[in-house]
Structures are given as C-alpha cells and as structure tokens.
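Values reported hereafter were calculated over all heavy atoms of this structure, with side chains retained and with hydrogens, waters and symmetry mates removed. Below, chains carry the letters A, B, ... as their sequence lines are ordered, and counting in each starts from 1.
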There are 2 protein chains.
Amino acid sequence: MSTHQATTLVIAIVLVFAPFDCARASSSGDVKAIDDLQKQVDDAIATGDTERYVGLITDDAVLMPPSGPPVVGRQAIRSWSEAIAKRFRITKYLPVNDELVIAGDWAFRRATFSWTVTPTAGGDSIQDSGKFIILYKRQSDGSWRVARDIWNSNTPTP
Amino acid sequence: MSTHQATTLVIAIVLVFAPFDCARASSSGDVKAIDDLQKQVDDAIATGDTERYVGLITDDAVLMPPSGPPVVGRQAIRSWSEAIAKRFRITKYLPVNDELVIAGDWAFRRATFSWTVTPTAGGDSIQDSGKFIILYKRQSDGSWRVARDIWNSNTPTP
C-alpha cells in the first residue's frame with residue numbers, strides 16, 4: 001500500500017465515522033458534571049434563587065409544571081420562577097435520584113422528591129411528594145445545562 | 001508508508017472512534033419509526049387497548065402518571081392500565097407534537113395533548129389538556145419502544 005493509498009483509506013474511514021451523531025463520548029466525568037449541576041439546581045430550587053436557577057438552564061429550556069401551560073425559554077422561565085417565589089417558599093426539598101442516562105449530547109434523570117411549600121401570605125404549609133424527568137443538554141463548551149423539566153405530584157386528587 | 005504501517009494507522013483510528021457511544025447513527029428512518037410507534041401508542045391509549053399498549057413498551061418501562069406513584073415495569077403498567085380502563089373511557093384524544101430529538105439509542109418527544117375522559121360508571125365527561133415527555137429506547141433488533149412516560153395537566157388546581 002502506498003502512502004497515497006493509505007491516506008485515502010484513512011480519509012475514507014474518517015468520512016464513514018463522521019456522520020455519526022456522537023461528537024463526544026460520555027464518561028464518568030459527565031456523570032459527575034451532571035450530578036454537580038443537579039446539586040446546584042436543587043440548591044437554587046430549595047432557596048428560591050431564580051437568577052441562579054436560570055443561569056443553569058439552556059436559552060431554549062422548557063419547564064413543564066403541573067397545573068399550567070409549558071414555560072418556554074429562559075426569560076419566560078425567569079418570570080414564572082419569580083412569580084412562584086413571590087407566592088411560595090420551599091421550606092423542605094428532598095430529591096432522590098432514580099436513574100441518570102447519558103446518550104451522546106443529551107442526558108436524562110428520573111427522580112422522586114418530597115417537599116414542603118409554605119405560602120408567603122401565611123396559611124398552612126403543603127407537604128407533597130412527586131417525580132420528575134429532567135433532560136440535560138451538553139453545551140458547545142462541554143458543560144451541561146438543564147434543557148427540559150417536567151414533574152407531577154404523587155398525591156391522589158380528591 | 002508501508003502496508004503494515006497503514007494497517008496499524010487504520011486500526012489506531014478505529015480504536016479512537018470505537019469507544020464512542022454511538023452504535024448506530026440516527027436517521028430519517030428513525031424519525032419515521034418513532035413516529036409510527038407513537039401513532040400506535042396514541043391509538044392504543046385512545047382505544048384503551050392495554051395489551052396493544054404494553055406490546056409497545058420496554059420490559060423496564062416506567063410510567064409516571066400524575067396523582068400517583070411511578071408505575072415500574074411492564075406487568076405493573078399492564079395492571080395500572082387495566083384498572084384505569086375499567087374506570088374511564090377516553091372519548092377524544094388529540095396529541096400534538098412539539099419536538100422529537102434522537103440521541104444515539106435514546107430519543108425523546110415533547111408534546112401537548114387534549115382529551116375527553118368519560119367515567120364508565122356514568123357521570124360528566126372530563127375535558128382536559130396537558131403535556132408529556134416520552135423517552136424511547138432503541139432495541140437490540142433496531143426497533144424503538146416507549147421506555148419512560150411522564151405527563152401532567154395544564155389545568156390550574158382550584
């Protein structure tokens with residue numbers, strides 16, 4: 001095989017692999033990065049820190065809260081989060097991880113949670129438990145952010 | 001470059017690419033396969049056909065319905081679905097796709113829906129709209145199945 005032939009073969013192999021949608025391999029580093037991100041998200045949720053929260057999500061993030069329409073994009077999520085923070089304070093928040101799956105530049109977490117929510121205007125605290133799926137998206141700089149988040153309550157409706 | 005050197009180079013390149021978590025490339029064929037699957041899922045839901053539904057999900061599927069705990073695994077989902085079918089009949093079901101993203105052997109759909117649910121025991125029908133995220137998993141034979149499903153209502157709680 002000549003150098004030219006070898007070069008052609010190498011280019012051919014690279015071209016065969018290039019279209020695969022797998023810019024980066026997932027690794028234990030990704031698991032740690034996503035777990036660290038989620039810890040920051042949990043802290044931001046638990047403390048009602050909207051600015052910290054919106055700094056951890058993608059520009060096009062979609063929040064899918066129960067009892068309301070989807071909230072699309074960082075600015076809408078900021079407004080939604082500020083409105084919620086005015087009405088409620090989270091006085092206990094305990095998320096429990098069920099699984100984390102990384103697939104290329106996306107990942108998802110399935111989890112359960114319990115929380116206590118206290119109305120800022122006074123009145124009884126609400127204790128509830130529920131479950132969520134969060135989708136994370138790898139950014140061009142390699143970091144991960146929250147891209148989609150949907151949750152619901154485990155409590156039967158009356 | 002000798003043939004031996006060229007062979008070594010090719011093997012080295014293959015080894016560099018091999019660890020990437022991208023056994024198969026996603027394609028328009030995947031989009032069609034997942035859309036076809038979802039159409040069958042929608043039909044099964046709309047007609048309350050439990051056996052058809054559980055044939056479209058993975059063994060380890062997790063259903064995350066509002067107002068109840070997660071339902072884990074095909075057998076538990078069968079029982080849950082049969083119990084629901086005894087209590088309610090879906091008399092209208094209109095899902096609307098928002099996005100479908102394929103990432104390696106996983107994919108997710110975000111969608112909104114409206115439905116009318118009629119109690120089998122009689123009484124008023126319930127009209128509602130909501131949103132869901134479904135995660136699909138590519139099977140070893142290349143087909144896709146529903147692996148996770150979480151939804152909630154858009155209707156404000158009283």
Side-chain angles (χ1 to χ4, degrees), chain A residues 1-10 12-14 16-27 30 60 62 64-70 72 98-99 101-108 110-112 129-135 137-138 147-158, chain B residues 1-10 12-14 16-27 30 60 62 64-70 72 98-99 101-108 110-112 129-135 137-138 147-158:
Chain A
M1 188 184 280
S2 71
T3 302
H4 177 74
Q5 282 173 324
T7 306
T8 306
L9 184 56
V10 167
I13 287 167
V14 169
V16 164
F17 278 90
F20 281 58
D21 182 20
C22 53
R24 299 168 205 238
S26 61
S27 70
D30 285 322
D60 67 346
V62 181
M64 302 165 76
S67 314
V72 181
D98 288 315
E99 63 176 330
V101 173
I102 302 173
D105 289 338
W106 287 87
F108 78 87
R110 181 169 61 86
T112 47
S129 64
K131 50 208 172 294
F132 63 79
I133 281 181
I134 289 184
L135 286 152
K137 179 83 168 71
R138 195 199 304 264
R148 311 286 181 266
D149 187 355
I150 182 168
W151 69 99
N152 63 37
S153 171
N154 288 353
T155 306
T157 46
Chain B
M1 190 184 278
S2 71
T3 302
H4 177 74
Q5 281 173 324
T7 306
T8 305
L9 184 56
V10 167
I13 288 168
V14 169
V16 164
F17 279 89
F20 282 56
D21 181 19
C22 52
R24 299 169 205 237
S26 61
S27 69
D30 286 321
D60 68 346
V62 181
M64 302 163 77
S67 314
V72 181
D98 288 314
E99 64 176 330
V101 173
I102 302 172
D105 289 338
W106 287 86
F108 77 88
R110 181 169 61 87
T112 48
S129 64
K131 52 208 173 291
F132 62 79
I133 282 181
I134 289 184
L135 286 152
K137 180 83 168 70
R138 196 199 304 263
R148 311 285 180 268
D149 187 354
I150 181 168
W151 69 98
N152 63 38
S153 170
N154 288 353
T155 306
T157 46

A:Ser67: partners by side-chain contact (heavy atoms from CB on, under 4.5 Å), with sequence neighbours left out: B:Thr157
Sorted by chain and number, sequence neighbours left out, side-chain contact (heavy atoms from CB on, under 4.5 Å) with B:Thr112 holds for A:Pro70, B:Val96, B:Asp98, B:Lys131
Contacting region of A:Phe108 [heavy-atom separation from chain B under 4.5 Å]: side chain
Please report the closest heavy-atom contact between B:Met64 and A:Asn152, naming both atoms and the distance. O-ND2, 3.0 Å
What's the shortest heavy-atom distance between A:Val101 and B:Trp106, and which atoms? CG1-NE1, 3.4 Å
Heavy-atom pairs under 4.5 Å with chain A are the metric here; pick the option from B:Ser153, B:Gly130, B:Gly68 that has the most. B:Gly68
